[in-house]
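Here is the structure we will look at.
Here is how names work: the chains are called A, B, and so on, in the same order as the sequence lines, proteins then strands, and each is numbered from 1. Quick caveat, the model's predicted, so the values are computed rather than measured.
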Number of protein chains: 2
Amino acid sequence: MTDVNRGSNPLFLRDEDLREGIEMLFFAYRDFTTKPDAILAEHGFGRAHHRVIYFVGRHPGIAVKELLAILKITKQSLARVLRRLVAKGFVEQRRGVEDGRHRLLFLTAAGAELEARLTADQRARIARAYREAGADAVAGYRRVLTGMVDDEGRARVGRPGRGP
Amino acid sequence: MTDVNRGSNPLFLRDEDLREGIEMLFFAYRDFTTKPDAILAEHGFGRAHHRVIYFVGRHPGIAVKELLAILKITKQSLARVLRRLVAKGFVEQRRGVEDGRHRLLFLTAAGAELEARLTADQRARIARAYREAGADAVAGYRRVLTGMVDDEGRARVGRPGRGP
DNA sequence: GATTTACGTCAGTCATATTGACGTATATGC
DNA sequence: GCATATACGTCAATATGACTGACGTAAATC
C-alpha cells in the first residue's frame, strides 16, 4: 500500500469519516444537477440529454460506440436520446470518412449554445469552490476523486479529442 | 473574495480545468453506484431504495418530511419506494411519541444488513482513495466538495441523528 | 373550533433504463 | 470473393423513478 500517511497528519479512517465522504459526493452531485435540469426541462429534455450534449461537445466527432463506453448505457437508450437531439437540431451526425460504419457526432451551433448554458452553472460552481478552497485543496480534490474512479474512466478524464 | 490563492500555487482556472472537475465528479458518481446497483437488482430495488436505506440508517428515527428534504423528491415518489421497503421488511415505521403525526423510520435487522452490504463497496472505495491520496489531499477533497454543495446540504453532511 | 402540519394514496404522465431480436451497411481476414 | 466481424439503427416489451394534481385522515396548534 503506497502513500499511506503522506500528509501532515496520520490517516485514521473512522466509519464516520467514510460516510461523510459518501454523503458529500451525493449532495454535490445532487446540487450539481439541479440547475441544468431546470434548463433541460424547457426543451422537454432530461439528464441523459445533458450527458450526451456534454460529451459530444467535449469530443467533437466522437463515434457512437465510444460515447456508449463513456456513458455505460445500452445503445437503445442512447438511440432514443440521440434521435430527439438530432431531430431538434442540437446534434449532427456525419458518416465517417476513414470508416464508413461510424456515425460521427457533432454539436450544431444551437447545440453548442445549449451546452454552454447547461454547463455555465456547473462551471461557476466548480470555479467558486476551487477559489474558496485554494490550489492545494484542488490538488487534493483531484487526487482523491481520481482514486475513486475505475481505471477505464481515469484514462478518459481531461483528455479531449476523438478518443483512443 | 476570500482565500484566493491560498495554496502554494496561484489558481488559474482554465475552462479545461473546470471541465476536468465536472467530469471527475460524473465518473466518480457513476462508478460509485455500479456495485450497489447490482446488489439492489437482486431484490428488484433501484437506486432510490438505496438512498432511503442509507439515510434511514444514518438517521434512525428520521421523519418522512426530513427525509424528503434530504432527497429533494416528492412524497409520492418516496411513498412508492418506502412502501416496498416496509413490505419487504427492511424498514420499520413507528408512530412518533412526542408528535403523533410523525411516522419515524428505522431499519430492521435485515435492513441494517442490506445497508452494510450496499455501502461496503462505497466505503472501501472511499477508504482506498483516501489512503492513496493522503491526509492533506483528503482535507482538500472535503474543502472543495463542501464548497460545491448548497448551504442547506452543507449543514446536513456528517451530522448523524434525528435532524433539526 | 378552525387551521395547519404530517402523512398516505389514487390517477395520469413522462424520462430513463433494461433485455432480446432483427436488419443493414461497411470493413476485414482468409 | 466470400465469410465473418463490427458499427449502427430499430422494433417491442418491461420496469424504475420521477413528476403534477387532487383528495383524505389524523394530530397538533392557534
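- Between B:Leu67 atom CG and C:dG8 atom P the separation is 11 Å, expressed in whole Å.
- In this structure, the salt bridge (Lys or Arg N to Asp or Glu O under 4.0 Å) partners of B:Arg14, at least two apart in sequence or on a different chain, are B:Asp17.
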Footprint string (nucleotides 18-24 of chain C, 5' to 3'): B base within contact, S backbone only, - free, heavy atoms under 4.0 Å: BBBB---
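- Under the 6.0 Å distance and 45° angle rule, B:Arg51 does not count as a cation-pi partner of A:Phe26.
- Partners of A:Arg117 according to the side-chain hydrogen bond (donor to acceptor under 3.5 Å, both in side chains) rule, which considers only residues two or more places apart in sequence or in another chain, are A:Glu42.
- Nucleotide C:dC7 holds its P atom 16 Å from the CZ atom of B:Arg94, rounded to whole Å.
- A search for ring pair (Phe, Tyr, Trp, His ring centres under 6.0 Å) contacts involving A:Tyr54 returns nothing, not counting sequence neighbours.
- For A:His102 and D:dA5, the NE2 to C1' distance is 13 Å, given to the nearest whole Å.
- The two residues A:Ala110 and A:Gly89 have their closest heavy-atom pair at CB-O, 3.9 Å.
- Every pair passing salt bridge (Lys or Arg N to Asp or Glu O under 4.0 Å) that includes a residue from residues 67-77 of chain A is listed here, sequence neighbours excluded: A:Lys72-A:Glu152, A:Lys72-B:Asp31.
- With axes fitted over five pairs at each extremity, the angle between the ends of the helix from C:dG1-D:dC30 to C:dC30-D:dG1 is 30° (10° resolution).
- When the C1' atom of D:dA15 is taken as reference, atom CG of B:Asp37 falls 14 Å away, rounded to whole Å.
- Listed by chain and residue number, A:Thr74 satisfy the side-chain hydrogen bond (donor to acceptor under 3.5 Å, both in side chains) test with A:Ser77 (two or more places apart in sequence, or in another chain).
- Distance B:Ile62 CD1 to C:dA6 P: 13 Å, rounded to the nearest Å.
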Donor-acceptor list for residues 80-87 of chain B side chains, cut-off 3.5 Å, not counting sequence neighbours:
unit_1, atom_1, unit_2, atom_2, d
B:Arg84, NH1, B:Gly44, O, 3.3
B:Arg84, NH2, B:Gly44, O, 3.1

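- For residues 41-49 of chain B, proximity to DNA chain C is found at no residue, defined as any non-hydrogen atom under 4.0 angstrom from a strand atom.
- B:Arg30 contributes a side-chain N or O that, together with a main-chain N or O of A:Ile70, makes up a donor-acceptor pair within less than 3.5 Å.
- Taking atom CG of B:Leu82 as the reference point, atom C1' of C:dC7 lies 11 Å away to the nearest angstrom.
- Looking at residues two or more places apart in sequence or on another chain, you find no side-chain hydrogen bond (donor to acceptor under 3.5 Å, both in side chains) involving B:Arg103.
- Note on A:Asp150 versus B:Arg125: salt bridge recorded, some NZ/NE/NH1/NH2 to OD/OE distance being below 4.0 Å.
- Taking atom CZ of residue A:Arg30 and atom P of nucleotide D:dA18, one finds them 13 Å apart after rounding to whole Å.
- Distance, A:Gln93 CD to C:dA25 P: 16 Å, rounded to whole Å.
- For C:dA17, the OP1/OP2 oxygens have a side-chain nitrogen or oxygen of A:Arg51 closer than 4.0 Å.
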Summary of protein contacts for nucleotides 25-30 of chain D, nucleotide by nucleotide, where a base hit scores B, a sugar-phosphate-only hit scores S (4.0 Å, heavy atoms): -SBS--
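- Taking the six-membered ring for Trp and the full ring otherwise, B:Phe32 and A:Tyr29 have centroids separated by 6.0 Å or more.
- Looking at residues two or more places apart in sequence or on another chain, you find no side-chain hydrogen bond (donor to acceptor under 3.5 Å, both in side chains) involving B:Glu98.
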Ring pair (Phe, Tyr, Trp, His ring centres under 6.0 Å) evaluation trace for A:Phe90 with A:His49: CA-CA 10 Å; A:Phe90 293 108; A:His49 298 85; 9.5 Å; no
